[in-house]
Amino acid sequence: MLRNDKQEDSNEQMDFLEMEDLTAALSVPSETFPRAAVALKDQIVQSTWKEDLGQGVDPTFCTGLLGTAFTCLKSYEATGDRRDLQLCTDIVDTCAVVFQRDVTFLSGRAGVYALGAVVAEFRDDSERRRLFLDLFEEVAQERALPVGPDEGGFGMSYELHHGRAGFLWAVLFINKHLGQDTVPRSLVMPVVEAVLAGGRVGASDNPLCPLMYRWHGTRYWAAAHGLAGILHVLLHFPLSQEDMEDVKGTLRYMVRNRFLQSGNYPSSEGNPRDKLVQWSHGATGVAIALCKAAQVFPHEREFRNAAIEAGEVVWKKGLVRKVGLADGVSGNAYALLSLYRLTKEDVYKERAEAFAGFLYHNAGKMVEADRLKGGDYHTYSLFHGLAGTACLWFDIASPEKSMFPGFEL
């Protein structure tokens, strides 16, 4: 998910952006997006499923076949075409036989089993549902998951992409679709407690911040590997008053230490570079986490205000060079959709539609420009390519139900 500085710099705003681009984007009829999404989904399936299997299987949600499966599920939910459901089933089955070490939704076997169980539920296939839930329970028995720092629990990371928060997100996904406590609290809450304990130890040298985490030695702030992703997951669980205060205190610390001139957020603790506006490193992931905090704490206006301010950053700076969810325009549009669901103000829906329309006009040449520069970062994948754009176009048609894939619920 992470890039070096040279690659990150390539994600600044595109040179050819002018206001007429957004004017054209706003002129795209709303009924265009579902049709475009289905056509793009078909292209993604053709390129990743029907043509690429001979080159080896990447079974992950972010960059591989599981992202294609999820895109097919989005298509089924939008159109009711059961051929998409069968495609999703077939792809999940292929992913399930590929060994994966990670236990997360985004990059590990927990995602395969969670999506497999949910698709089986859609198909009324109780036998496959049970099979995938049993496999998921085996993942939940991973000994490192509930081990706190006092017991040497730093062997497994805490972040969303590769760590414990990513396992917890898979639990939330299952319980949302199959019923609360499908994955029982007895398996889940020790992991939540380990994440909180790890955050307190990680912040022990900073009295101003209750929770802090490191990934590969760096204290990241954004969604993929840092605070925004971990806090967003924790906000979905029933926490004690003390735990909630620590989550709130950490969010307040982030808001206080944003870049005051721009309103953007640093990619990591103490990083002075104010350039990245995306889900992986910047205001987008933080904005979505703040939207969730505003929902959980509706009487504390500061989180709502901070989410709105972060959303303004995304609107002003969010038309970047990439198309995907992790580091591109598609992911940035989801921050605007989150604000629409939070505030019910049409301006955010219109802004998200403008971003989606911009992609309708420009996604092809953006991908081609990336290729000409030597980019080879999963053109059709969910988090770094066109599958994320397809999901956005499906969600634009029903913005009140929109959810950032693999992040929102």
Side-chain angles (χ1 to χ4, degrees), residues 3 7 10-49 51-52 61-64 67-68 70-72 74-75 78 276-280 282 284 314-315 317-337 349-397 399 402 404-406:
R3 317 274 179 73
Q7 289 170 314
S10 72
N11 208 43
E12 296 175 36
Q13 283 189 296
M14 288 176 285
D15 297 333
F16 61 79
L17 293 186
E18 300 290 347
M19 283 310 297
E20 54 262 30
D21 290 307
L22 281 185
T23 302
L26 285 167
S27 69
V28 177
S30 58
E31 63 271 15
T32 299
F33 291 117
R35 294 197 301 268
V38 170
L40 184 53
K41 179 268 303 179
D42 289 341
Q43 183 181 351
I44 291 160
V45 169
Q46 182 67 33
S47 298
T48 63
W49 174 240
E51 294 179 358
D52 265 2
F61 187 81
C62 280
T63 60
T68 299
F70 184 86
T71 307
C72 291
K74 291 288 288 187
S75 183
L276 303 177
V277 178
Q278 56 195 65
W279 181 81
S280 292
T284 295
V314 175
W315 172 241
K317 301 290 187 180
L319 288 180
V320 293
R321 295 179 182 272
K322 304 287 186 177
V323 300
L325 294 175
D327 53 6
V329 178
S330 297
N332 291 345
Y334 273 102
L336 303 171
L337 288 172
K349 178 176 68 172
E350 292 164 1
R351 289 176 172 183
E353 289 172 348
F355 276 26
F358 177 80
L359 286 167
Y360 180 78
H361 289 294
N362 294 293
K365 64 182 177 183
M366 291 164 71
V367 168
E368 184 59 28
D370 193 37
R371 285 175 175 165
L372 290 174
K373 290 180 179 180
D376 184 21
Y377 213 65
H378 309 288
T379 298
Y380 293 100
S381 75
L382 187 60
F383 266 50
H384 296 285
L386 291 167
T389 302
C391 287
L392 172 65
W393 288 346
F394 280 124
D395 274 334
I396 282 291
S402 62
F404 190 116

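When reading the values below, keep in mind they use all heavy atoms of this one structure, side chains included, and skip hydrogens, waters and symmetry mates.
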Engineer: Starting at CG of Leu392, measure out to OG of Ser402 and round the result to the nearest 0.5 Å.
Structural biologist: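 It is 9.0 Å, given to the nearest 0.5 Å.
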Engineer: Once you round to the nearest 0.5 Å, how far does CZ of Phe358 lie from CE of Met366?
Structural biologist: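 Reported value, rounded in 0.5 Å steps: 5.5 Å.
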Engineer: Working to the nearest 0.5 Å, report the span between CD of Glu368 and OG1 of Thr379.
Structural biologist: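 Separation between the atoms: 9.0 Å.
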Engineer: Could you grab the distance from atom CH2 of Trp49 to atom OG1 of Thr68, nearest 0.5 Å is fine?
Structural biologist: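 Taking CH2 in Trp49 and OG1 in Thr68, the distance rounds to 9.5 Å.
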Engineer: Would a 4.5 Å heavy-atom cut-off, applied to side chains only, mark Lys322 and Val329 as touching?
Structural biologist: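 No, too far: nothing below the 4.5 Å cut-off.
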Engineer: Where do Thr284 and Gly331 come nearest, in terms of heavy atoms and distance?
Structural biologist: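 In this case the closest contact between Thr284 and Gly331 is CG2-O, 3.5 Å.
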Engineer: For Val277, does its backbone N or O pair with a side-chain atom of Asn332 as donor and acceptor, under 3.5 Å?
Structural biologist: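 Indeed, once roles are kept as given, a pair shorter than 3.5 Å links the two residues.
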Engineer: Applying side-chain contact (heavy atoms from CB on, under 4.5 Å) to Thr32 and Tyr360, what does each step give before you reach the verdict?
Structural biologist: CA-CA 9 Å; Thr32 299; Tyr360 180 78; 3.5 Å; yes
Engineer: So, for Val38 and Ser75, which heavy atoms are closest and what is the spacing to 0.1 Å?
Structural biologist: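 Looks like CG2-OG, 4.3 Å.
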Engineer: Ala363: which residues meet the side-chain contact (heavy atoms from CB on, under 4.5 Å) condition with it, sequence neighbours left out?
Structural biologist: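 Partners of Ala363 under the side-chain contact (heavy atoms from CB on, under 4.5 Å) test: Val323, Leu359, Leu386.
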Engineer: At their closest point, which heavy atom of Val45 faces which heavy atom of Cys72, and how far apart are they?
Structural biologist: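 Nearest heavy atoms, Val45 then Cys72: CG2-SG, 3.6 Å.
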Engineer: Hey, can you tell me if Phe61 and Phe70 have their rings parallel, tilted or perpendicular (30° and 60° cut-offs)?
Structural biologist: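 Perpendicular: the ring planes of Phe61 and Phe70 meet at over 60°.
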Engineer: Is there a side-chain contact between Val28 and Phe33 in this structure, where contact means two heavy atoms from C-beta onward sitting under 4.5 Å apart?
Structural biologist: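 Val28 reaches Phe33 side chain to side chain.
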Engineer: Please report the C-alpha distance between Gln278 and Val320 in whole Å, then the side-chain angles of each, then the deciding distance to 0.1 Å, and finally whether the side-chain contact (heavy atoms from CB on, under 4.5 Å) criterion is met.
Structural biologist: CA-CA 8 Å; Gln278 56 195 65; Val320 293; 5.7 Å; no
Engineer: Find the distance between CG (Leu336) and CZ (Arg351) and round it off to the nearest 0.5 Å.
Structural biologist: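 Atom-to-atom, Leu336:CG and Arg351:CZ are 7.5 Å apart.
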Engineer: Search all heavy atoms of Leu325 against all heavy atoms of Gly388 and return the closest pair with its distance.
Structural biologist: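 The pair with the smallest heavy-atom distance is CG-CA, 3.7 Å.
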Engineer: Does Ser47 reach the main-chain N or O of Gln43 with its side chain, forming a donor-acceptor pair under 3.5 Å?
Structural biologist: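 Side chain of Ser47 to backbone of Gln43, a donor-acceptor pair under 3.5 Å: yes, one is there.
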Engineer: For Ser330, what residues pass the side chain to side chain donor-acceptor pair (under 3.5 Å) criterion, not counting sequence neighbours?
Structural biologist: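 Only Thr389 meet the side chain to side chain donor-acceptor pair (under 3.5 Å) criterion with Ser330.
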Engineer: Any idea which heavy atoms bring Pro34 and Phe394 closest together, and the distance?
Structural biologist: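 Closest heavy-atom pair between Pro34 and Phe394: O-CE2, 4.3 Å.
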Engineer: Would you indicate whether the side-chain heavy atoms of Cys391 and Leu382 approach each other to under 4.5 Å?
Structural biologist: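 Result yes, sub-4.5 Å side-chain heavy-atom pair found.
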Engineer: Check Ala390 against Ile44 and note the closest heavy-atom contact, atom names and distance.
Structural biologist: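 In this case the closest contact between Ala390 and Ile44 is CB-CD1, 4.1 Å.
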Engineer: Decide if the gap between the ring center of Trp279 and the ring center of Tyr334 is smaller than 6.0 angstrom.
Structural biologist: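 That pair fails the under 6.0 Å test.
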Engineer: Measuring from atom CG of Leu337 to atom NZ of Lys349, what distance do you get when rounded to the nearest 0.5 angstrom?
Structural biologist: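 Answer for the CG-NZ pair, Leu337 versus Lys349, is 10.5 Å.
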Engineer: Quick one: does Thr71's side chain have a donor or acceptor within less than 3.5 Å of a partner on Gly67's backbone?
Structural biologist: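 Flag set: sc Thr71 to bb Gly67 pair under 3.5 Å.
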